[in-house]
Each structure stands twice: as structure tokens, then as C-alpha cells.
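Note on naming: letters A, B, ... go to the chains in the order of the sequence lines (proteins, then strands), and numbering restarts at 1 for each one.
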Protein chains: 2
Amino acid sequence: MLKISKKTDYALMALQHIASVQFGDVTPGRVVNTKEIAEEYNIPLELLAKVLQSLSKNGLIESHNGPKGGYLLARSARQITIAHIIESIEGPLAITDCSHEKEGEFCMQREHCNIRTPLLKIQDSIYQLLNNMTLADMLGGTPLITIQSASTQGVE
Amino acid sequence: MLKISKKTDYALMALQHIASVQFGDVTPGRVVNTKEIAEEYNIPLELLAKVLQSLSKNGLIESHNGPKGGYLLARSARQITIAHIIESIEGPLAITDCSHEKEGEFCMQREHCNIRTPLLKIQDSIYQLLNNMTLADMLGGTPLITIQSASTQGVE
DNA sequence: ATGATCTCCGATCAATATGGTCGCACTAAA
DNA sequence: TTTAGTGCGACCATATTGATCGGAGATCAT
Ligand code: FES
Ligand code: FES
């Protein structure tokens, strides 16, 4: 149904929480542990743990072991894009099955199929959209996205 | 994984086919039947039938019963948006579960949740995107979408 | 040094959504 | 009236996702 998974939901909540802790008050050394987030948002602890592990593996957050351990952002909230978050959890963004086909594995309808190109276009557009929105945008009352103009694309 | 279902894929192929037969303008003589499309694109006949039924129920195509029956576009290809097609098959576009919650059924994390608003923004943006692209765009070699500029939003 | 606390990671089970199949009723042309 | 087609709902199979469990390794407090 073109929707993101619950895990991604959890990831967004967690990141939002971590970010707001690090940004909001003057507590630079403050790490957030899994339990704290899980209880705050009613997320199954073990599931959230896995989600956070994925995020950490993808370099979005840093993990600190041992007691008093926990997570903190690996980068500024402004550098973390929604696209990156989603892809960390769900794998490469693929609006349709045959967009990331491995070599040699084409769907049989390929040669008859003329929806492939347009779909890839759409996929790209969605990616642009998600890539232009960062964690920071989710934090403040910032006006958020506002689809990026095609002509000013790639300004970065 | 933020992807559209195969049924929707089939719907797009079928519509693309029907449209290309009619070539954008309604030519009342030529109807296309399910079997023809199914065989052309290697789609399970019964499944495609259901997909076409959904499309017909949603007013995108007209069905004609009896022998020599089949389907034809109910509207010009330029009037059929991708968003409409997708929603006909998959129901209302909902990037996240709680975007279309029924009254009285809020997820428990709602009051703590600050990702809701941004997600709805994203959802809306994606909708705009899909709503600005029509079947006609998928047909020709038209430059397609080209994300709509934020500043010129709502010009239609 | 030792134990307690916490993350890390792989395996596994359950719930749900999706893909695909049947069978029959209905409709319209020949 | 026969026949080729859609309309439609129930149904099963499979894939994806959500959630759970158990143990290994790291770090800090004592
Ligand atoms: S469905 Fe795979 S290429 Fe079109
Ligand atoms: S998860 Fe439902 S409101 Fe945020």
C-alpha cells in the first residue's frame, strides 16, 4: 500500500527522540538507551533494539556499550536524511519489484513492458523528496519540505 | 519497502495497453478484453480480471459485457492520474498506519509521537507527485514529471 | 577481579498482507 | 438459446513483516 513499515516508524521516533535530547538541552554527554525509548513510545524493547542496531550499522547513530551505555547521533540532525533512515531499515528504495533486479533476472514481461521507465522516474522523484528532508526538519517547527524544484535540483 | 503491489503493476500495464490501443482518444469501436492483455504481458488471467474489475468499479475504465466485450478507457488518458490508479487498487494512500485512523482508534503512542505531522507532510508530497502524472505521461515520450516546483505549487 | 548492566547478533515463531485460484451468476451478441 | 465474455465473492498459498528468545561480548562500579 506504498507505506513504510512499523520498524521504520520506530526508527523515526527513536531518532527524533535521540535528536531532541541532544539538541534540546545542554547535555552533550547524554546517551539514550534502548529501554528509555521503548517505554516512552510503547515500542517492543527487542524490536526497537534491532532497529537501533540497523541504524548504528548504517552509521546514523553511535552505540556505546556497557552500563550507562546507549546511543547518540553519529552526525548532525541536519545531515541525516529521511531517505537514509528508511533505506537503513528497509533496504534500497524500490517502488516496483523490477527496479533493482539483479543482472540476469529480468521479469518476463520486461520486453513488453512500457511502464518500467515511468515508474523509475516516479521512484526517483520520491527519492529526491525523501532525500531533501532531514531529521532536523522533523524536529523544529520548520516549514518542512516543500517539494524541491526540478530546476534547482542538485544544489546541495 | 515503500513499494507498490504487483496488482498495481498489472493495473498500470493494462491501462497503458488499453490506452495505447485507443491512443489517448476514445475510439468507441475497439474494446480490449482481459485475455488479450493477460497473454500479452504474462499476467495470470484471473488476477488481472480482478484488477480490471477494481478499475472499472472506480470509474477508470468501462466494461462491456457479452461476447466481443471488454474494456475501454472511461476518460481521456490525460485525465487519469497515477494517484487515482494506485488508490483504486490499493485503497487510500497511507504512508504510515495511523494516517487514516478511524475516529476513536488512535495508536497509543500518539500523544508522545512527534513524527506524525512530518510523515503526513511527506505523504502529501508523494500524493502531489502521483497526482501530477497521468496515464498520458506514461504513453508518449513526453518528458514526464519533473517534480513540481514548490513555489509554483497549486497552479494545476 | 568480579559481577551487574547493557549492547550486539543470529535464529526463530506468529501475524498479516499479498499473490494467485476457483466456481458460479449475470449479460449481451450471434 | 447458445456462447463468449465480465462480475463477484470466497478461498488457499506464499511472502513479508512484526515480534520474541537466548546467548555472547563489552564496559563500568564496586
Ligand atoms: S514489470 Fe518488470 S520491467 Fe516492467
Ligand atoms: S505513530 Fe501513530 S501518531 Fe505517531
Side-chain angles (χ1 to χ4, degrees), chain A residues 1-11 13-14 18 29-39 41-72 74 86 89-92 94 96-98 107-109, chain B residues 1-11 13-14 18 29-39 41-72 74 86 88-92 94 96-98 107 109:
Chain A
M1 205 197 281
L2 203 45
K3 72 168 196 242
I4 63 182
S5 70
K6 269 184 189 169
K7 280 193 228 176
T8 305
D9 257 40
Y10 296 156
M13 289 186 219
I18 296 174
R30 172 88 154 81
V31 293
V32 186
N33 70 8
T34 310
K35 198 173 176 186
E36 173 183 335
I37 302 177
E39 287 177 352
Y41 298 96
N42 296 303
I43 304 175
L45 180 65
E46 312 295 344
L47 225 203
L48 178 62
K50 266 178 68 167
V51 168
L52 292 177
Q53 283 158 31
S54 297
L55 293 178
S56 143
K57 206 179 300 178
N58 279 272
L60 293 177
I61 55 181
E62 268 177 31
S63 76
H64 288 265
N65 261 358
K68 296 214 166 184
Y71 294 97
L72 68 160
I86 293 180
I89 305 295
E90 321 215 3
T96 177
D97 278 328
C98 40
C107 51
M108 48 191 167
Q109 43 253 100
Chain B
M1 204 196 282
L2 203 44
K3 74 169 197 244
I4 63 182
S5 70
K6 269 185 189 168
K7 282 193 226 177
T8 305
D9 257 39
Y10 297 156
M13 289 185 217
I18 297 175
R30 174 82 158 87
V31 292
V32 185
N33 71 8
T34 310
K35 199 173 175 186
E36 173 182 335
I37 302 177
E39 288 177 352
Y41 298 95
N42 296 301
I43 304 175
L45 180 66
E46 313 295 343
L47 224 203
L48 178 61
K50 265 177 67 168
V51 168
L52 291 177
Q53 283 158 30
S54 296
L55 292 178
S56 144
K57 208 180 299 178
N58 278 272
L60 293 177
I61 55 181
E62 269 177 31
S63 76
H64 288 266
N65 261 358
K68 296 215 167 183
Y71 294 96
L72 68 160
I86 294 180
S88 293
I89 305 295
E90 320 214 4
T96 178
D97 277 327
C98 40
C107 53
Q109 42 253 101

Rounded distance (Å) that lies between atom [atom2] of [N] and atom [atom1] of [X]:
| X | N | atom1 | atom2 | answer |
| --- | --- | --- | --- | --- |
| K57(A) | dT7(C) | NZ | P | 16 Å |
| Y71(B) | dA28(C) | OH | P | 14 Å |
| K7(A) | dT17(D) | NZ | C1' | 6 Å |
| L52(B) | dG5(D) | CG | C1' | 13 Å |
| Q53(B) | dA10(D) | CD | C1' | 13 Å |
| I89(B) | dT18(C) | CD1 | C1' | 13 Å |
| E36(A) | dT5(C) | CD | P | 18 Å |
| L48(B) | dT6(D) | CG | P | 9 Å |

Is the shortest side-chain heavy-atom distance between [X] and [Y] below 4.5 Å?
| X | Y | value |
| --- | --- | --- |
| K68(B) | V31(B) | no |
| T34(B) | Y71(B) | yes |
| I37(B) | I18(B) | yes |
| V51(A) | T8(A) | no |

Please confirm whether the shortest side-chain N or O distance from [X] to OP1 or OP2 of [N] is below 4.0 Å.
| X | N | value |
| --- | --- | --- |
| T34(A) | dT7(C) | yes |
| S63(B) | dG7(D) | yes |
| Y10(B) | dG20(C) | yes |

Counting side-chain heavy atoms from C-beta on, which of dC6(C), dT6(D), dG20(C) comes nearest to N33(A)?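 Among the listed nucleotides, the one closest to the side chain of N33(A) is dC6(C).
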
Which nucleotide, dG20(C), dG7(D), dT3(D), lies nearest any side-chain atom of P67(B)?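 Minimum distance to the P67(B) side chain belongs to dT3(D).
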
Hey, does K50(B) reach any base, or is it just sugar-phosphate, or nothing, if we go heavy atoms under 4.0 Å?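 If one applies the 4.0 Å heavy-atom cut-off, K50(B) turns out to touch a base.
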
Donor-acceptor pair, E90(A) side chain versus I4(A) backbone, under 3.5 Å? no

Given that G66(B) and N65(A) both sit by DNA chain D, which one's nearest nucleotide is further toward the 5' end? G66(B)

Residue met sooner reading DNA chain D from 5', once K68(A) and E46(A) are mapped to nucleotides: E46(A)

Pick the nucleotide of DNA chain C nearest each of G70(A) and L47(B); which residue has the one closer to the 5' end?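 Going by which nucleotide is closer to the 5' end, it is G70(A).
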
